[in-house]
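Here is how names work: the chains are called A, B, and so on, in the same order as the sequence lines, proteins then strands, and each is numbered from 1.
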Amino acid sequence: MAENDFDLQKLQEHNRNLEKIALEVAKNRPKEREKRGYISKDNYFLHNLAEKIAKIASKEFGQDISVDDVNLAPVPPKFTADIALRIPVLMKDIKAYNAELLPALQKALNSEKNDLGLTMVELVPPYLNLSLDFSVFGEEIIKSVVDLKNRYGENDDFKGKKVLIEYSSPNVAKSMHVGHLRTTIIGQVLSNVYEKCGYAVFRLNHLGDWGTQFGKVGVAYDLWKDERGELEGQENPVKYLAQLYADFNKEAKENEELNEKARNAFHALENNDVHMLSLWKKFYDCSLVEFEKMYKRMGVYFDSYLGESFYQDKMDKFIEEALEKNIAFKDGNAVVCDLTRNNPESKIPTFLLVKSDGATNYSTRDVAAFYYRKQYFKPDFAIYVVGSEQNLHLKQIFETVRQLGYQNGKEAVHVGFGQIKEGGKKISSRAGAGGLDDLLDFVVNEAYKNMKEEGRDFNEKELREIAEKVGIGALFYNDLQNAPAHNIDFDMERILSMKGKSGPYLQYSIVRGESILRKAGELADVKQINWQKADKLEKIEKDLLKKVAEFPAIIQTACKSCSPHHIAVYLNDLAQIFNHFHSVVHVIKSEGDLKEIRKYLVYISVQTLKNGLNMLNIPIPERM
RNA sequence: GCCCCCGUAGUUCAAUGGAUAGAACGACGGCCUCCUAAGCUGUAGAUACAGGUUCGAUUCCUGUCGGGGGUACCA
């Protein structure tokens, strides 16, 4: 065996190392999370208000009303009130909505209005419209942001729980392209959000580092390395490999023998053939270097890279068990999984656990991975951020493990997401749409050009740094503003315009806010401010306070629905209100307590926008 | 064929069963002697179609039409 050869023993060592890292994190993460501490919802005015209303309503109706049923909503502009309480939702567990019960509740709330921080409770069936006492509300909201700072918005809903999030999972020996953007961003952002809601988060990159594609690339490499050069000398090894893969597929269309060779090669890999294993390791190593470069640029990180190859020796057990439990049957060398045998209701189509050549496929590895994770990481909840074209596949996996007895409830979910389209078609070649790296460069360059054209007063180094943040922000926001399930339209022109509803819009709002704070001087001591003056604030300023107060609830919604776009949309609304405020109220020219309160309005807006962008993994330039 | 997802202004997207369906881009106007105009602001413009459930439906159910995806030896 040559010195550089990679054999079974070395593969096992490689896997043990990966495993060690993963187990270490699994062990320590809950402690780390605990140590970081939790933010109680008692810090939030609207939460407290809802609790108090629940208590009063429970007493009034003689039955327990849950806080979750206290539905507080914005009020349409034609009313002067600030918050609407939706009564039918409040009553949903008691009885059918009954308008006759409203006056009594209104009276009860009115008699407690001082304690609730309200000035008035009006009856507009089926709503009770609440008017806030801004001298109380303003102080409370500002205090909570000042106290919690970069942790404003967090909650402890899932204190003590563990979540495992699988995302990104690119294929080794292929370039990352725009198609990987969604799983990577959505997964990273969900990780961020879950952590803010109290979870100990385990971030997992289920690398596509095993499978027939290795046979293909391996065969292609051996076939063409003499004319194309060895991998070691390549300037961009991953592009080189990706090209091999593409060319192989093209050739194989004409020549079925090649596919046969590739299958044999993968089979050899699964049987620990030293040559194939050595190639595998080479491809693996250079791909990982490339991936990590990309992740670093995007601010994305993982706790573990336990990929498909890790499970190559952990699959036999399930195949046997599936056969024993009559979930699967043999067909020659193949093992076919038929989930309708034990559960005719499922109507799930059959699929292979073992191919007719004896090799495994991704279903086999996903089942093994599920079991392994459950056994060693013990998550309370697992999220698979995988494209919705794999809906059926994941349905099959979840049902298989259920029938094998590994899973009881809804502890694993698939967060599917739509594809990135360009003019209704699957994205192909336009500017920058090839590799992800090129795409990032392209967007960053545009941000750079924008600043040059506007004659911004920055030196070259600053320009580059800012452009990097603005470009990436534009790209991320474009993705995150969409509901995950929908296909999204990749309109390069719109991303590059960086105007209107966009990442740069949010960044710009922060930058302008920060600028005011720099010029306005130190913030006054919160205790020294006469909060009665908050009543004199303009309508837009009261709107701003109300919007900031909504932030914690938005985080909860995003978490519970696995939908980061709620945060993206909210931040845009907040920035709009802030910018409107910015244009009609001159903070620095204001005087006395009103000026101090306004400085705080800027401060809490900036802080909330920052907290939101951090969660969305969108970088924040100090100036732009 | 069967299964899943989607259908909202000209375009791209929002809207936990609730009040007058919100934005952005594009179009046509207005605002820089004032905290960064990547900003603010005015006007025009939408729930595919037909039924049903509900006090109330863009949202839930059924059907039709349209778009996307999947449908065992790629992942």
Side-chain angles (χ1 to χ4, degrees), chain A residues 71 73 75-79 84 86-89 92 96-97 99 124-127 129 169 171 174 208 210-213 216 249 262-263 308 331 333-334 336-338 347-357 359-363 365-366 386-393 395-396 416 418-419 421 424-426 447 450-451 454 456-457 470 474 478 481-483 485-489 491 493-494 497-502 504-505 507-509 511-520 553 557 560-561 565-566 568-569 572-573 576 579-580 582-589 602 623-624:
Chain A
N71 193 315
V75 175
K78 76 166 173 180
F79 299 100
R86 288 172 177 152
I87 302 303
V89 183
K92 77 176 162 57
Y97 163 60
V124 190
Y127 302 89
N129 283 348
S169 311
N171 285 329
K174 288 192 204 169
W210 209 246
T212 311
Q213 87 262 22
K216 291 183 180 179
N249 280 330
R263 278 192 292 271
E308 295 189 49
D331 180 8
N333 280 331
V336 184
C337 197
D338 182 358
K347 289 182 183 158
I348 293 175
T350 57
F351 61 99
L352 290 178
L353 279 177
V354 178
K355 302 192 284 188
S356 52
D357 63 1
T360 62
N361 66 12
Y362 76 144
S363 298
R365 293 187 284 278
D366 268 345
V386 180
S388 49
E389 67 271 17
Q390 295 201 39
N391 272 341
L392 177 59
H393 166 67
K395 213 173 172 181
Q396 288 169 332
Q419 299 183 323
K421 302 276 180 183
K425 291 185 192 139
K426 215 166 172 176
N450 277 354
M451 276 189 293
E454 302 215 0
R456 297 285 193 212
D457 182 26
V470 172
N478 179 257
Q481 64 175 311
N482 301 297
H486 300 182
N487 288 342
I488 70 174
D489 188 77
D491 184 341
E493 235 168 89
R494 189 154 22 96
S497 88
M498 302 185 192
K499 284 199 289 185
K501 195 176 178 182
S502 70
Y505 176 74
Q507 294 167 323
Y508 185 65
S509 307
V511 164
R512 292 209 302 173
E514 294 271 35
S515 177
I516 293 177
L517 291 175
R518 273 196 301 274
K519 290 179 180 167
T557 303
K560 285 179 183 156
S561 61
H565 78 284
H566 286 118
V569 169
N572 187 67
D573 294 345
Q576 268 181 14
N579 283 326
H580 182 92
H582 184 283
S583 72
V584 298
V585 176
H586 203 286
V587 176
I588 292 176
K589 282 186 181 169
V602 177
R623 295 185 298 161
M624 62 189 279

Check your understanding: Rounded to whole angstrom units, what separation is found between the CG atom of A/Asp366 and the C1' atom of B/A75?
Key -> 9 Å
Check your understanding: Taking CD1 from A/Ile488 and P from B/G69, how many angstroms apart are they, rounded to a whole number?
Key -> 15 Å
Revision key, fill the gap. When rounded to the nearest 0.5 Å, the distance separating CG of A/Asn487 from OG of A/Ser388 is 6.5 Å
Study note, to complete from the structure: Answer for the Watson-Crick or wobble partner of B/U47, both distances under 3.5 Å, is none
Practice item. Classify the nucleic acid contact of A/Asn572 as base, sugar-phosphate or nothing, counting any heavy atom under 4.0 Å across all strands shown. Key: sugar-phosphate
Review point. Just how far is it from atom NE2 of A/His486 to atom NE2 of A/His565, taken to the nearest 0.5 Å?
Key: 7.5 Å
Point to revise | Flag side-chain contact, heavy atom, 4.5 Å: A/Lys519 against A/Ile588 | key: yes
Point to revise | Atom P, compared across B/A14 and B/C6: separation rounded to whole Å | key: 11 Å
Exercise for review: Using a heavy-atom cut-off of under 4.0 Å over every strand shown, decide if A/Ala359 touches base, sugar-phosphate, or nothing.
Suggested key: nothing
Practice item. Look at all strands and tell whether A/Val386 reaches a base, only sugar-phosphate, or nothing, counting heavy atoms closer than 4.0 Å. Key: nothing
Review point. Of A/Leu353, A/Val354, A/Leu352, A/Thr350, which meets side chain to side chain contact (heavy atoms under 4.5 Å, CB included) against A/Cys337?
Key: A/Leu353
Study note, to complete from the structure: On RNA chain B, more 5' by nearest nucleotide between A/His566 and A/Asp331 is A/His566
Review point. Watson-Crick or G-U wobble partner for B/A72, using a 3.5 Å limit on both distances?
Key: none
Check your understanding: Think A/His393 has a side-chain N or O under 4.0 angstrom from the OP1 or OP2 of B/A72?
Key -> no
Exercise for review: Indicate, with a heavy-atom threshold strictly under 4.0 Å, whether A/Lys78 touches base, sugar-phosphate, or nothing.
Suggested key: base
Review point. Counting any heavy atom closer than 4.0 Å, what does A/Ser356 reach on the DNA or RNA strands: base, sugar-phosphate only, or nothing?
Key: base
Practice item. Describe the nucleic acid contact of A/Gly208 in one word from base, sugar-phosphate, nothing, applying a heavy-atom distance below 4.0 Å. Key: nothing
Check your understanding: Do A/Tyr505 and A/Asn579 have a side chain donor and acceptor closer than 3.5 Å?
Key -> yes
**Study point:** Ring centroid separation A/His393 to A/Phe351 under 6.0 Å
**Key:** no
Revision key, fill the gap. Scanning all shown strands, the Watson-Crick or wobble mate of B/A23 with both distances under 3.5 Å is B/U12
**Study point:** Whole-angstrom distance between B/A15 and B/C74, as gauged at atom P
**Key:** 39 Å
Exercise for review: Using the C1' atoms only, state how far B/A46 lies from B/A9, rounded to an integer number of Å.
Suggested key: 4 Å
Check your understanding: Rounding to a whole Å, what distance do you find between A/Trp210:CH2 and B/A75:P?
Key -> 12 Å
Check your understanding: Can you check whether A/Lys395 has a side-chain N or O nearer than 4.0 Å to OP1 or OP2 of B/C3?
Key -> no
Practice item. Heavy atoms only: give me the nearest A/Pro504-A/Val470 pair and the separation to one decimal. Key: CG-CG1, 3.7 Å
Check your understanding: Taking atom C1' of B/C35 as reference, at what distance in whole Å does atom NE2 of A/His586 sit?
Key -> 5 Å
Practice item. Verify the distance criterion only: is there a donor paired with an acceptor across the side chains of A/Asn249 and A/Lys216 at less than 3.5 Å? Key: yes
Check your understanding: Just checking A/Arg365: base, sugar-phosphate only, or nothing, at a heavy-atom cut-off of under 4.0 Å?
Key -> sugar-phosphate
Exercise for review: Could you work out the separation of B/G10 and B/U53 based on their P atoms and round it to a whole Å?
Suggested key: 32 Å
Check your understanding: How long is the line joining NZ of A/Lys174 and P of B/C74, in whole Å?
Key -> 12 Å
Review point. Which part of the nucleic acid, if any, lies within contact of A/Val511, taking any heavy atom under 4.0 Å across all strands shown: a base, the sugar-phosphate backbone alone, or nothing?
Key: base
**Study point:** Selection from B/C74, B/A72, B/A75 that lies nearest to any side-chain heavy atom of A/Val336
**Key:** B/A72
Practice item. Grab the NZ-C1' distance between A/Lys347 and B/G1 for me, whole Å please. Key: 15 Å
Practice item. Compare the ring of A/Tyr362 with the six-membered ring in the base of B/A75 and state whether they stack (centres under 5.5 Å, planes under 30°). Key: yes
Study note, to complete from the structure: Of the candidates B/G68, B/A19, B/A72, the side chain of A/Phe79 sits closest to B/A19
Review point. How many angstroms lie between CD in A/Gln213 and CG in A/Asn171, if you round to the nearest 0.5 Å?
Key: 5.0 Å
Exercise for review: Find the partner of B/G42: check Watson-Crick (N1-N3 plus N6-O4 or O6-N4) and G-U wobble (N1-O2, O6-N3) distances, both under 3.5 Å, and reply none if neither fits.
Suggested key: B/C28
Review point. Distance between the C1' atoms of B/C55 and B/G22, in whole angstroms?
Key: 25 Å
Check your understanding: Has the side chain of A/Asn129 got a donor or acceptor that lies under 3.5 Å from a partner of the other kind on the base of B/A19?
Key -> yes
Review point. Does B/C32 sit syn or anti, given that only angles within 90° of 0 count as syn?
Key: syn
Point to revise | Along RNA chain B (nearest heavy atom to each residue), the more 5'-positioned of A/Leu352 and A/Val89 | key: A/Val89
Point to revise | Euclidean distance for C1', B/G7 against B/U64 (whole angstrom) | key: 14 Å
Practice item. Using atom CG of A/Asp357 as one end and atom P of B/A72 as the other, report the distance to the nearest whole Å. Key: 17 Å
Review point. For residues A/Thr360 and A/Arg365, is any side-chain donor paired with an opposing acceptor at under 3.5 Å?
Key: yes
Practice item. Determine the contact category for A/Pro76: base if any of its heavy atoms lies under 4.0 Å from a base atom, sugar-phosphate if only primed atoms, P, OP1 or OP2 are that close, otherwise nothing. Key: base
**Study point:** Validation row: A/Glu308, A/Asp366 side chains within 4.5 angstrom (heavy atoms)
**Key:** no
Review point. What is the nucleic acid contact for A/Ile588, judged by heavy atoms within less than 4.0 Å: base, sugar-phosphate only, or nothing?
Key: base
Check your understanding: Could you give the CD-to-P distance, from A/Gln213 to B/C74, as a whole number of Å?
Key -> 11 Å
Point to revise | Partner nucleotide, any strand, of B/U36 [Watson-Crick/G-U, under 3.5 Å] | key: none
Check your understanding: When the C1' atoms of B/C32 and B/U36 are considered, how many whole Å apart are they?
Key -> 11 Å
Check your understanding: When you check every protein heavy atom under 4.0 Å of nucleotides 37-44 of chain B, what one-letter string (B, S, -) results, 5' to 3'?
Key -> SBSSS---
**Study point:** C1' atoms of B/G67 and B/U12, separation to the nearest Å
**Key:** 16 Å
